[in-house]
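In this chain, numbering begins with 1 at the start of the sequence shown.
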Amino acid sequence: MQDSTSFEQRNKRDLPRVKINRHSVWRLLSFARPYWWQLLALTLLTMLSSTLSLAYPALTGNVIDSVIQRDVSSLQSIILFLVGLAIIQGIMGFIQTYWTTVVGERLLVDLRTKVYKHLQYLPLSFFLDNKTGELLSRLTNDVTLIRTTLTSNLLGLAQNFITLALGLFIVIAGPNALLAQANQFNLHLPTTHNTASFGPTLLVVALILLPIIILPFLISGFLRKYVKRELATLSEATAASEESIGNAKVVKAFTREEYEITRYDKLVWQQFGIILKRARLNSAVQAVTTLLSTAGLAAFLWYGGTSVLNGSLTIGTLTTIVLYITFLTRPFLSIGTLYSQFQISLGAAERIFDLLDEPVSLSDEPDALPLPTIQDHLRFEQVSFGYTKDTEVLHDISFEAQQGQVLALVGPSGAGKTTIANLIPRFFDIWNGNITVDGYDIRHVQVKSLREQIGIVLQEPVLFGTTIRENIAYGRLDATQKQIEEAARAANAHEFIELLPQSYDTLVGERGVKLSGGQRQRIAIARAILRDPRILILDEATSSLDNESESLVQQALERLMHNRTTIVIAHRLTTIQNADKIVVIEQGRILEEGNHEALLERRGAYYRLYTRKFREEQTV
Ligand SMILES: Nc1ncnc2c1ncn2[C@@H]1O[C@H](COP(=O)(O)OP(=O)(O)O)[C@@H](O)[C@H]1O
Ligand SMILES: [Mg+2]
């Protein structure tokens, strides 16, 4: 239900600017700029091959007249010329098709990598607001639509305009001018037609056809609107499938297969409906176009046929003219179709531009320096923050952790503990106050240099679907096998890894699903150990584990905490009791601060939390 409303909203947002956004057009074309000379060469080639094609109608007409006049030698030379022409055009066609594909695919690679690169640097908040499947759909479907435009369609347009221009020129100058040119090469092609009034007549026919070309331009706005809707639904469908496939276990546990099928079907059918609208529009234009062009031809045939009957035109010339009309109608029709396709890509392109225009909001300040190795303290000063503009989640948070200390954040669920942790690697920017490391404001140093010194272990560790070795080495890409093993030993993971059939080369499954929670957590810890961070953040790293795994993980964590500043968000009292400093948070505010004993003596919030917890842990 929620999905359909969000889809409707998206559609509203996407409703068309029916006029062409010139900015998008230029921006789209700018992607082809690096290949301008290849495209130019292709255009020239196209021009040449179009010019050659224009000889066919004149030659065909001449064949017919030669046959009627029983002139065998002319017939032979024309046929030879035709064969030669066909060979040359075949070779040119090969180069053209192959080269267009090469340039097209290169463009696709460029576009994809550009979009992907941009995605990688978008802030975390962007990924919280957008569905994975939708983004993937843009990266694949939308990008692919654009590729065709930038090559085939662009060249096609060029080719058609050239054919049209040359065609009109030849028609006006008389087709025999072309043959006369060919005869300069001693080909002895007959150029005997009576071509008086030939050009102007054809020009009139061409003018009759002109409305055809305008039609597609009239519907272009609608086309673009439909395509955007279509791609939006496709994105929604991809997102829905990605979600249900990725969460197959939940779907099955709740036996919601049919629900998921319905959800997906609905979107697919919705897309189908939009495609139908587009198809109706296109088909109508096609029908009108065909009607008009056939009518134009019929009109000319009536005029031409009469001329043949009264002897002012030969059958060969009539054939030539009819062929030229078909030749000239084709670019008229194609220009329309290509223009429609261009609109379609423009729809896709605008969605891609939206993505590329997402600000990389946490980019470094121009004069940001790398943060030196952290030696001293981490300090929050009167920090306030909220995820959305209107809700402040953290209010006036101040605390300090000295180098080597363990600082515990405690408080009920939803208090804002994870939020505080999120601010340290600068996943989000704060509203007010300062966060400093060794006196450096984290907003003024290079984000990379800050994050490189921070290690995070989450409640639900996420692994990549590769081998255990690669997952651990994610902490430091150039780690040796020895270093990886040491990290695994320190994380209490080496023993269980050794017992696996393929040891470090075992594939862990998507997100690590083939390992138990405790095993996953110890691999995540090994990864953090290998990274050797100066500041360690443990966000309820043991809270989802059973007792046995927890003690193994706890040991591993204590080794990891050694010799660095640790911010630990924990629910077990054992971890908290030994912390150098405990900060009690409730509803985004700090209530109390101190060590275990001092806080117990105060008999305040911590005391209440402690006694309640203690009772709970006793009863378990
Ligand atoms: N991405 C988010 N967007 C909006 N609100 C959020 C987001 N993440 C957390 N919150 C809200 O911030 C508050 C604090 O959450 P959190 O820091 O995760 O609590 P804790 O870790 O202490 O359980 C909660 O009210 C939660 O609903
Ligand atoms: Mg939390």
Side-chain angles (χ1 to χ4, degrees), residues 117-129 356-409 416-458 474-477 528 531-539 561 563-569 580-581 583 585 588-590 593:
K117 186 175 166 199
H118 190 78
L119 266 179
Q120 285 291 338
Y121 285 106
L122 285 178
L124 198 60
S125 56
F126 176 82
F127 295 95
L128 300 181
D129 291 339
L356 287 176
D357 289 340
E358 278 293 329
V360 186
S361 66
L362 291 181
S363 56
D364 291 328
E365 290 176 352
D367 53 350
L369 292 173
L371 178 68
T373 308
I374 300 170
Q375 317 265 13
D376 198 11
H377 64 264
L378 164 72
R379 187 181 292 148
F380 273 56
E381 291 168 85
Q382 298 174 322
V383 170
S384 67
F385 169 76
Y387 290 97
T388 49
K389 276 201 185 64
D390 40 356
T391 347
E392 193 176 280
V393 173
L394 296 180
H395 324 275
D396 194 22
I397 300 287
S398 303
F399 63 82
E400 183 177 308
Q402 294 294 334
Q403 169 62 31
Q405 276 190 337
V406 174
L407 184 139
L409 296 173
K417 306 180 296 291
T418 300
T419 308
I420 292 179
N422 279 341
L423 297 179
I424 301 170
R426 211 180 147 204
F427 287 149
F428 302 93
D429 267 337
I430 55 176
W431 290 1
N432 283 306
N434 291 304
I435 302 175
T436 56
V437 174
D438 288 2
Y440 293 92
D441 188 322
I442 61 168
R443 278 169 298 197
H444 302 323
V445 297
Q446 288 170 10
V447 176
K448 193 172 183 322
S449 67
L450 171 71
R451 290 187 189 158
E452 268 170 355
Q453 300 192 50
I454 297 175
I456 305 176
V457 180
L458 301 169
Y474 205 75
R476 192 154 103 220
L477 297 177
R531 193 168 177 82
D532 193 18
R534 301 308 305 142
I535 295 177
L536 179 66
I537 298 169
L538 305 174
D539 191 350
M561 280 149 73
N563 229 343
R564 47 191 123 236
T565 310
T566 307
I567 308 296
V568 55
I569 301 171
D580 297 292
K581 191 187 272 184
V583 175
I585 299 163
R589 281 177 212 288
I590 294 185
E593 194 183 313

Non-neighbouring partners of [X] that pass salt bridge (Lys or Arg N to Asp or Glu O under 4.0 Å), sequence neighbours left out:
X	result
R589	none
D438	none
D367	none
D580	none

Subject >> D441 and T436 side chains, donor-acceptor separation under 3.5 Å >> reply: no
Side chain to side chain donor-acceptor pair (under 3.5 Å) partners of [X], counting only residues at least two apart:
X	answer
Y387	T419, N422
S449	none
Q120	Y116
T388	D390, T391

Working to the nearest 0.5 angstrom, can you tell me the gap between [X] [atom1] and [Y] [atom2]?
X	Y	atom1	atom2	value
R564	Q403	CZ	CD	9.5 Å
E452	Q446	CD	CD	9.5 Å
E392	H395	CD	NE2	5.5 Å
I569	T418	CD1	OG1	5.0 Å
I456	L536	CD1	CG	9.0 Å

**OP:** Provide the full list of salt bridge (charged side-chain N to carboxylate O under 4.0 Å, His left out) pairs with a residue in residues 369-386, sequence neighbours left out, each pair given once.
**Re:** R379-E400
Subject >> Partner residues of L369 under the side-chain contact (heavy atoms from CB on, under 4.5 Å) criterion, sequence neighbours left out >> reply: none
**OP:** For F399, enumerate each residue passing the side-chain contact (heavy atoms from CB on, under 4.5 Å) test, keeping only those at least two apart in sequence or located in another chain.
**Re:** F380, I397, L407, I420, V583, I590, E593
**OP:** Kindly say whether E358 contributes a backbone atom to a donor-acceptor pair with the side chain of H118 at under 3.5 angstrom?
**Re:** yes
pair [X]-[Y]: side-chain heavy atoms closer than 4.5 Å:
X	Y	result
K417	D539	no
R531	Q453	no
L423	V383	yes

**OP:** Applying ring pair (Phe, Tyr, Trp, His ring centres under 6.0 Å), name anything that partners F126, two or more places apart in sequence or on another chain.
**Re:** none
Using every non-hydrogen atom in the two residues, find where [X] and [Y] come nearest and quote the distance to one decimal.
X	Y	result
L394	G416	CD2-O, 3.7 Å
L122	P359	CD2-O, 3.7 Å
T565	G404	OG1-N, 3.4 Å
L119	F127	O-CZ, 3.0 Å
P425	I454	CA-CD1, 3.7 Å
Y440	P372	OH-CG, 3.4 Å

**OP:** Mind running side chain to side chain contact (heavy atoms under 4.5 Å, CB included) on I567 and L538 for me, showing each step along the way?
**Re:** CA-CA 6 Å; I567 308 296; L538 305 174; over 6 Å; no
Original post:
Between R476 and D532, does at least one N-O distance fall below 4.0 Å, as a salt bridge requires?
Top reply: no
Subject >> Among L371, I535, I424, side chain to side chain contact (heavy atoms under 4.5 Å, CB included) partner for L450 >> reply: L371
Subject >> Intermediate values then yes/no, side chain to side chain contact (heavy atoms under 4.5 Å, CB included), I430 and R443 >> reply: CA-CA 9 Å; I430 55 176; R443 278 169 298 197; 3.9 Å; yes
Subject >> Within 6.0 Å of CD in Q382, more than 12 heavy atoms from elsewhere >> reply: no
